[in-house]
Amino acid sequence: MSSQASESIAAIALDEIGYRAIYVIILTNPAEWNIMAHTNDTFELSGFGALTGTPKEVGDQLDRLTAEQVIALTFEHGSEPAVRALADTVVSIAPLVRTILMSRQREAINLIIEALVPQVPPPQYMLVEARMTAEARKAVLESGDWLTAPQIAKMAGFSTSNLSAQPNKWKKEGQIFAVRHRGVDYFPGYALDSAAGYRPIKTLAKVLSVLHEKKDDWGLAYWFASVNSFLGGKRPQDVLPAQPERVLAAAEDELVGALHG
């Protein structure tokens with residue numbers, strides 16, 4: 001053991017007043033593992049080990065080691081089982097500290113890399129597509145009455161305990177659809193039958209069943225808001241309340257056209 005380590009042990013040699021000490025040995029040279037195994041039978045081959053006892057007892061064991069780093073924990077009047085339990089705890093935790101430090105180092109390196117790599121602007125076609133999508137959605141939302149689930153529930157006279165329950169149930173069952181905008185579902189007002197207590201128009205479920213094979217919710221909204229040659233240049237959302245069967249026929253024609261593309 002180095003003279004510096006000997007001096008440190010001498011400075012805390014407090015056996016005469018009942019101190020005990022734990023020395024956690026950090027081994028960086030695998031050749032020292034066999035030496036540790038002979039001095040402490042609880043040592044595991046993880047690069048960490050623990051010696052317990054009075055400073056003098058631990059010092060005698062340290063004389064047989066050439067560990068690069070030693071951590072000493074001391075406390076007064078500790079019983080041998082308590083000291084041993086604490087030593088075992090420290091040994092089991094030590095590898096985790098190393099893992100955490102390595103993880104933090106990797107995170108720091110990744111942050112540095114991200115900071116050094118310049119921002120790559122999206123391709124022009126993606127910007128054009130995003131702008132067109134935004135304009136299309138804006139036009140759809142402005143083309144008709146869109147209602148939230150609570151608004152529909154109030155119009156239909158449902159229980160106020162859970163205003164969203166019934167409209168969301170209709171959506172799940174395919175009786176109506178809704179578009180998601182800024183975290184809120186909006187249902188088309190033209191899909192509700194005022195004469196039936198603001199329930200979904202019955203034929204709409206068949207229309208959605210046909211169109212859902214090719215369109216998502218926003219695709220459905222675009223289709224209902226666009227002029228349709230099958231309907232004589234009228235929009236499906238305008239025809240749906242009075243002639244839902246014609247809208248169903250237009251949807252079937254749309255599907256056939258898509259399939260034969």
Side-chain angles (χ1 to χ4, degrees), residues 1-5 7-9 11-12 21-37 39-40 42-52 58 61-62 65-75 78 82-141 146 148-149 164 168 171-172 177-186 215-222:
M1 185 171 57
S2 67
S3 59
Q4 182 178 1
E7 292 172 3
S8 298
I9 291 175
I12 58 171
I22 300 172
Y23 286 80
V24 181
I25 312 304
I26 302 176
L27 294 177
T28 57
N29 183 358
E32 297 171 343
W33 291 351
N34 290 332
I35 301 175
M36 262 311 273
T39 45
N40 191 326
T42 64
F43 174 68
E44 295 180 1
L45 301 183
S46 61
F48 298 90
L51 302 174
T52 63
V58 173
Q61 297 178 72
L62 285 174
L65 295 176
T66 57
E68 293 185 3
Q69 300 289 333
V70 176
I71 300 173
L73 305 177
T74 65
F75 56 97
V83 171
R84 183 70 258 169
L86 181 57
D88 291 341
T89 301
V90 172
V91 171
S92 64
I93 292 176
L96 299 179
V97 174
R98 181 171 57 185
T99 300
I100 292 172
L101 290 175
M102 292 178 63
S103 176
R104 288 180 179 176
Q105 287 177 348
R106 285 194 296 267
E107 291 175 2
I109 291 173
N110 289 334
L111 289 174
I112 293 172
I113 293 173
E114 289 182 6
L116 294 177
V117 175
Q119 291 281 352
V120 179
Q124 185 63 29
Y125 79 89
M126 291 183 66
L127 294 174
V128 173
E129 182 180 332
R131 184 172 63 251
M132 291 177 62
T133 299
E135 292 175 351
R137 292 190 176 186
K138 181 175 182 291
V140 163
L141 293 174
W146 293 89
T148 64
S164 300
N168 288 331
K171 178 185 175 183
K172 186 176 180 180
F177 73 98
V179 294
R180 191 81 170 168
H181 179 60
R182 295 182 179 177
V184 178
D185 279 343
Y186 287 91
K215 301 181 186 297
D216 60 12
D217 289 334
W218 275 105
L220 291 170
Y222 300 149

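Side chains are part of it too, since the values below use all heavy atoms of this structure and drop only hydrogens, waters and symmetry mates.
For residues 122-139, the set of pairs meeting the side-chain hydrogen bond (donor to acceptor under 3.5 Å, both in side chains) definition, not counting sequence neighbours, comprises Lys138-Glu142.
The aromatic rings of Phe177 and Trp146 stand perpendicular to each other, their planes meeting at an angle above 60°, with 30° marking the opposite boundary.
Side-chain contact between His181 and Val140: absent, with no pair of heavy atoms (C-beta onward) separated by less than 4.5 Å.
Remark: Arg182 pairs with no residue by the side chain to side chain contact (heavy atoms under 4.5 Å, CB included) rule, at least two apart or across chains. Take Met132 and apply the side chain to side chain contact (heavy atoms under 4.5 Å, CB included) test, not counting sequence neighbours, and it matches Val128. Looking at residues two or more places apart in sequence or on another chain, you find a salt bridge (charged side-chain N to carboxylate O under 4.0 Å, His left out) between Arg180 and Asp185. Every side chain to side chain contact (heavy atoms under 4.5 Å, CB included) that Ser103 has, sequence neighbours left out, goes to Arg106, Glu107.
Rounded to the nearest 0.5 angstrom, Lys172 NZ and Asn168 CG are separated by 10.0 Å.
Val179 and Leu141 get closest at one heavy-atom pair: CG2-CD2, 4.3 Å.
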